[in-house]
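Report on the structure given below.
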Amino acid sequence: LLNRAAVALGHAKYLGGNTWQLYRDEMSADGGERLQLEQQLRRGLKEGHVQAHYQPKLCLKENRIYAVEALARWYHPVRGMISPVQFIPLAEETGLIGELSETILRQACSQAKRWLDEGAPLQVSVNLSVQHLRQGNVLELVRTVLDDTRLPARLLELELTESQLLDDSERLLATIADLRAMGVQVAVDDFGTGYSSLGYLKQLPANSLKIDRSFIGDLSSGSKDAAIIRAIIAMAHGLSLEVVAEGIETGEQLEALQAMGCDAVQGYLIARPGPAAELQSLLQVENPIAWALESCTA
Ligand code: C2E
Ligand code: MG
Ligand code: MG
């Protein structure tokens with residue numbers, strides 16, 4: 001039942017989220033195909049076919065690219081690039097999530113150290129599955145990877161999705177507090193979709209909130225989305241949390257968010273996720289806000 005619920009959930013996310021799906025047999029690959037996919041993912045991880053792509057985050061106050069989010073990509077030898085929306089649930093169900101997280105964490109931290117050495121101190125965010133957090137060795141893993149790559153802890157952020165944070169417990173909060181004590185930053189991802197209680201948010205030792213992209217539609221004044229976002233920003237700032245808006249695709253959205261006091265934005269308007277090398281030219285842009293606004297009118 002739980003597996004099927006997870007398949008339906010994966011499908012709902014694939015359709016853009018903010019929706020629900022009932023499980024249907026055709027949604028999941030049959031047993032044989034699943035097994036095959038699992039073996040291929042295992043091999044793909046060993047052979048380096050799972051790679052981190054990077055999507056920049058633009059700080060609106062300082063008008064600069066200050067961070068990137070690492071997003072896993074699986075280059076399947078036959079099917080081509082497979083979306084994380086498809087293989088993360090598979091990795092979670094089959095226990096491969098630990099290995100996958102480690103792969104992305106290592107790549108992301110090595111890359112961030114390279115940027116730092118080149119004079120571009122970018123913070124890198126890595127998505128963490130709560131399934132992996134519960135396995136209990138995340139703290140050790142993060143410490144080892146930071147040591148191995150010699151990346152300062154403050155340049156690593158871990159993103160945890162709001163809905164996953166809800167169903168746990170003191171222990172999860174304690175792990176997050178330990179990560180923070182190491183100097184690692186913590187963000188609540190997909191905020192607004194998980195119905196978190198405000199009491200819970202108060203306890204959570206996070207640094208920032210990422211507003212889910214389902215709220216970034218029409219942000220003209222008077223719209224419902226704009227009202228929700230304004231409220232989230234006011235609440236987050238009241239709790240000393242930074243606010244990042246995800247899924248920004250238009251200049252109007254960027255300008256509206258800037259006027260509302262949002263700290264940072266991420267989305268196709270600035271750049272799609274891509275290999276590290278593709279970021280190089282964007283890092284040279286002197287006024288990225290103007291550049292992003294121009295690129296959408298051009
Ligand atoms: P997320 O962490 O919320 O990542 C944001 C997703 O929105 C990414 O999809 C990104 O490509 C997409 N996106 C960014 N800007 C825009 C935009 O302007 N418009 C639209 N329509 N979409 C935009 P992606 O790469 O497919 O990743 C989906 C989800 O998979 C992520 O959501 C994250 O929850 C999960 N994920 C990705 N990589 C990892 C990983 O290494 N580990 C774990 N545990 N989960 C991961
Ligand atoms: Mg994320
Ligand atoms: Mg998100």
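Any value given below was found using the heavy atoms of this structure, including those in side chains, with hydrogens, waters and symmetry copies removed. One-based numbering, in listed order, for ligands and for the atoms of each.
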Are the side chains of [Y] and [X] in contact, using a 4.5 Å heavy-atom criterion?
{"X": "L257", "Y": "V243", "value": "no"}
{"X": "W74", "Y": "Q40", "value": "yes"}
{"X": "Y54", "Y": "L122", "value": "no"}
{"X": "L96", "Y": "F87", "value": "no"}
{"X": "I229", "Y": "C262", "value": "no"}
{"X": "Q258", "Y": "I289", "value": "yes"}

Which of the atoms in ligand 1, numbered in the order shown and given with their element, are less than 4.0 Å from a heavy-atom of [X]?
{"X": "G267", "result": "15 (N), 18 (O)"}
{"X": "Q55", "result": "14 (C), 15 (N)"}
{"X": "I88", "result": "39 (C), 40 (C), 42 (N), 43 (C), 45 (N), 46 (C)"}
{"X": "I104", "result": "41 (O)"}
{"X": "V85", "result": "28 (C)"}

inquiry  = For a side chain to side chain contact (heavy atoms under 4.5 Å, CB included) check, start with the C-alpha distance between L37 and Q86, then their side-chain angles and the critical distance, and finish with the verdict.
reply    = CA-CA 11 Å; L37 213 57; Q86 285 170 288; over 6 Å; no

Polar contact flag for [X] and ligand 1 (N/O pairs, less than 3.5 Å):
{"X": "Y268", "answer": "yes"}
{"X": "E246", "answer": "yes"}
{"X": "A72", "answer": "yes"}

So that I can tick it off, tell me whether [Y] and [X] are bridged by a salt bridge, with the cut-off set at under 4.0 angstrom between side-chain N and carboxylate O.
{"X": "K210", "Y": "E157", "result": "no"}
{"X": "D147", "Y": "R143", "result": "no"}
{"X": "R114", "Y": "E118", "result": "no"}

query = Would you say atom 30 (O) of ligand 1 has a protein heavy atom nearer than 4.0 Å?
reply = yes

ask   = Got a protein heavy atom sitting under 4.0 Å from atom 11 (O) of ligand 1?
value = yes

With a 4.0 Å cut-off on heavy atoms, is [X] touching ligand 1?
{"X": "R272", "result": "no"}
{"X": "P273", "result": "yes"}
{"X": "R73", "result": "yes"}

Heavy-atom contacts under 4.0 Å between [X] and ligand 1: side chain, backbone, both, or neither?
{"X": "H132", "result": "neither"}
{"X": "Q266", "result": "neither"}
{"X": "D190", "result": "side chain"}
{"X": "N127", "result": "both"}

May I ask you to identify the nearest protein heavy atom to [atom], giving residue, atom name and distance to one decimal place in Å?
{"atom": "atom 1 (P) of ligand 1", "result": "D189 OD2, 3.7 Å"}
{"atom": "atom 19 (N) of ligand 1", "result": "E249 OE2, 2.4 Å"}
{"atom": "atom 4 (O) of ligand 1", "result": "L71 CD2, 3.6 Å"}
{"atom": "atom 24 (P) of ligand 1", "result": "P84 CG, 3.7 Å"}
{"atom": "atom 6 (C) of ligand 1", "result": "R213 NH2, 4.3 Å"}

How far apart are the closest heavy atoms of [X] and [Y], and which atoms are they?
{"X": "H132", "Y": "S101", "result": "ND1-OG, 3.1 Å"}
{"X": "L146", "Y": "M182", "result": "CD1-CE, 4.0 Å"}
{"X": "A226", "Y": "S220", "result": "CB-O, 3.7 Å"}

ask   = Heavy-atom count around E47 CD within 6.0 Å, excluding the residue itself: above 12?
value = yes

remark   = Only residue of E159, E242, E62 satisfying salt bridge (Lys or Arg N to Asp or Glu O under 4.0 Å) with K57 is E159

inquiry  = Side-chain heavy atoms nearer than 4.5 Å, only ILVMFWY residues, links allowed to pass through others: does that put V285 and I248 together?
reply    = yes

request  = Take E92 and S129 through the side chain to side chain donor-acceptor pair (under 3.5 Å) test and state the conclusion after the steps.
outcome  = CA-CA 8 Å; E92 286 179 336; S129 155; 2.6 Å; yes

ask   = Between D225 and S223, is a side chain to side chain donor-acceptor pair (under 3.5 Å) present by the stated rule, with each step listed?
value = CA-CA 6 Å; D225 281 342; S223 76; 5.8 Å; no

ask   = Can you tell me if N127 has an N, O or S atom under 2.8 Å away from the Mg ion (ligand 2)?
value = yes

query = What's the count of protein N, O or S atoms under 2.8 Å from the Mg ion (ligand 3)?
reply = 4

query = What atom name does the N, O or S atom of E69 nearest to the Mg ion (ligand 2) carry?
reply = OE2

